[in-house]
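This report concerns only the one structure given below.
Predicted model only: the values in this text are computed from it and were never measured. We use all heavy atoms of the structure for the numbers below, so side chains are in, but hydrogens, waters and symmetry mates are not. Residue indices begin at 1 and follow the sequence shown.
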Amino acid sequence: MKRLTAIAALAAIATATACGTTGTTSSGGIYTTIDGAKQIDASAPINPFNPQGSTFVGYDTMSLGWPKNDLMNPDLFYPGLAASWSATPDQGEVVIHLRPNARWSDGKPVTSKDVRTSIGLAYTQGGSAYTVNAGAAGAAADVVIVDDKTVKITQGANRSNAFLRNVLSTVVVPDHVYGALLPAGFWRTLQDARGTGPAADKAKTEITGLSQKVITFSPREDVSAGPFVLERVNPGAALLKRNPYFYDSAKIVPDKVKVLNYTGNEQIWNYLVSGKLDSAPFTAVPAAVMARIKATAGNEVRKGYSPVAASMAFNQSRKPYDDPHVRRALAYLIDRAQVTRVASPEAGTPSIATTGIHGSAAKAWLGPGLAGLNPYKVDPAKADQELRAAGMVKRKGQWGFADGKPWKVRLTVPAEFSDWVAAAKSITSQLNDHGIDASVTTSADYTLYLEELASGKLDVGFWLMALGPSPYNIYQRLYGSANGWSLLAGRLTHSPPGKDGNWMGGPEKIGGVNPGELTNRLNLATPEEQKKIVGTLAALTNQQLPVIQLYDYVNTQFVNTSRYTGWPPHDSEALRLPAGVWMQLGMIEKK
């Protein structure tokens, strides 16, 4: 209770500041926002490797580039600390050219040594292009400093066409602050880790063993190459001031940025209704609250493409969900337009069809082929046919198993996702109307929900999918580790249902097609080959329905024009980036 009181008091102070009380230091004012990726933990170190760290992407945390929001091309980036880059056709070699005038907030230049150290630190965390167990993303095998502003990064034997974008997404930290975290001989140990046998295993353990040391490292002060640097942080807000050495300082208008803390969606809604935020990323908002937000002076909504879709997913190792006839029957009974109106009227559109791909991207990937897929429009008669084909029997108006056992559909969602809860209630209501005993259960939080899914505890749940623009990322959500396929050291394996996180439990092959193998090939295929594979996987997904694609998200953001202007327009490819990157692109102006 005391914590909430303190947060409220600090939020009030922040509001007064954001509304124009900028003091004597401000000509550009204080820009007020939230960090949609995390809540503030004032005790967290000023360290971007710490998941809760007191650093903020786009403001005081910089990467080599910033991804654009393209429908199909994942390699389109805005320059960040990298002024330019080049890659060989197979992405086997990437060369980065740093901005010549990039400097840290203590005045020292940003150099290739900073990039190399950052890559070494990233290896201690694993994943992306920097892992000692190279998977689908490929892994850097060699990092060469060509000169102070040029770095050459070579991909290892386990190739991936995701290598360039993973390299460009590298977060860069100063070597003179973080370099001592890497022990002498680190790069030799990394080389040993790429081998096999006991010596390689020992080297891998040494590198991953550095993870906690890196995560818990706590610099005394923020040394940033971004447009801002952390001035102070408390439980209610973080305040960042301008970095006088930022390479494009003339484009940065605000003198300071205040990042307000929040404890849930309701607090963000209150900030927006009160006009406290200059901008905020998407937050699930009920229609009535959205009307109040829009009624606030200066508030506007910006909408654009968001490569994410919500789906109802099945545990196919459990009956009757192992039968595609049952899954198709449910698809014929769910009015997706109604579900979307109830769950996400402002930030979603009913899915055109279950393809595995967001509707906007599906048009680009599939072209006329999209119209040939089954949209599963609401049709109770077809649902009845499918249920009978599955051997289900209707007695006294209620569907059940042939042996007389009742069929109870238990649809589970995390309690904290209000749009999913609303969608689940709409779906179960529709199924009940058709004689199917359906109800909603909730998991206390998303972490617990994912644990329950992975353990195979749930029959039917919700699943985020269509995570573009990379086609591999899109289909990995359906035919990746959650469905039994894992790639380790270049070798694809399939685990049986209930093992290694395989909760979807789909068959390894369907009609002679191995969807996991096809998905893995997307990681190496040429653009033309990718289109063919995507077409095959979309048709298979539409026919088999491992999920029912419900609604495709719309990137709905909030801006307030009372204090600043120059926002990205609707459908801008920059909309999914933090406002700090908008500033770097010269988009934010003082009103």
Closest heavy-atom contact between [X] and [Y]?
X    : Y    : value
W582 : L575 : CZ2-O, 3.7 Å
E508 : W485 : O-CZ2, 3.3 Å
T541 : L537 : OG1-O, 2.7 Å
Y262 : Q267 : CA-OE1, 3.2 Å
D70  : Y305 : O-CE2, 3.9 Å
T296 : S274 : CG2-C, 4.3 Å

Using only atom types and a distance under 3.5 Å, with no angle test, would you say the side chain of [X] pairs donor to acceptor with the backbone of [Y]?
X    : Y    : value
N542 : N374 : yes
Q549 : I357 : yes
S344 : T340 : no
H358 : S360 : yes
Q39  : N261 : no
Y449 : F462 : yes
T526 : E529 : yes
R336 : T349 : no
H325 : R388 : no
Q557 : S279 : no

*asked:* Using the salt bridge (charged side-chain N to carboxylate O under 4.0 Å, His left out) criterion, which residues pair with K377? Sequence neighbours excluded.
replied: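 None.
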
*asked:* According to salt bridge (charged side-chain N to carboxylate O under 4.0 Å, His left out), who are the partners of R302, at least two apart in sequence or on a separate chain?
replied: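 Per chain and number, R302 pairs via salt bridge (charged side-chain N to carboxylate O under 4.0 Å, His left out) with E300.
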
If I take atom [atom1] from residue [X] and atom [atom2] from residue [Y], how far apart are they, to the nearest 0.5 angstrom?
X    : Y    : atom1 : atom2 : answer
Q530 : I474 : CD    : CD1   : 9.5 Å
L168 : F163 : CG    : CZ    : 10.0 Å
T428 : I334 : OG1   : CD1   : 10.0 Å
N502 : S481 : CG    : OG    : 9.0 Å
Q155 : N161 : CD    : CG    : 8.5 Å

With a 4.5 Å limit on heavy-atom distance, are the side chains of [X] and [Y] in contact?
X    : Y    : result
N315 : Y321 : no
F401 : M392 : yes
D384 : W399 : yes
D552 : S351 : yes
L71  : W365 : no

*asked:* List the residues meeting ring pair (Phe, Tyr, Trp, His ring centres under 6.0 Å) with F558, not counting sequence neighbours, and say none if there are none.
replied: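 If we apply the ring pair (Phe, Tyr, Trp, His ring centres under 6.0 Å) test to F558, skipping adjacent residues, there are no hits.
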
*Examine the side chains of N560 and D278 and answer whether a donor and an acceptor come within less than 3.5 Å of each other.*
no

*Side chains of S311 and R477: do they bring a donor and an acceptor to under 3.5 Å?*
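S311 vs R477: no donor-acceptor pair found between side chains.
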
*Between R410 and D459, does at least one N-O distance fall below 4.0 Å, as a salt bridge requires?*
no

*Cationic N near anionic O, under 4.0 Å, E386 to R327*: no

*Apply the test side-chain hydrogen bond (donor to acceptor under 3.5 Å, both in side chains) to residues T556 and E346: give CA-CA distance (whole Å), side-chain angles for both, the deciding distance (0.1 Å), then the verdict.*
CA-CA 7 Å; T556 302; E346 294 285 346; 5.9 Å; no

*Mind telling me whether Y475 and Y479 have parallel, tilted or perpendicular rings, with 30° and 60° as the class edges?*
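Because their plane-to-plane angle is under 30°, the rings of Y479 and Y475 count as parallel.
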
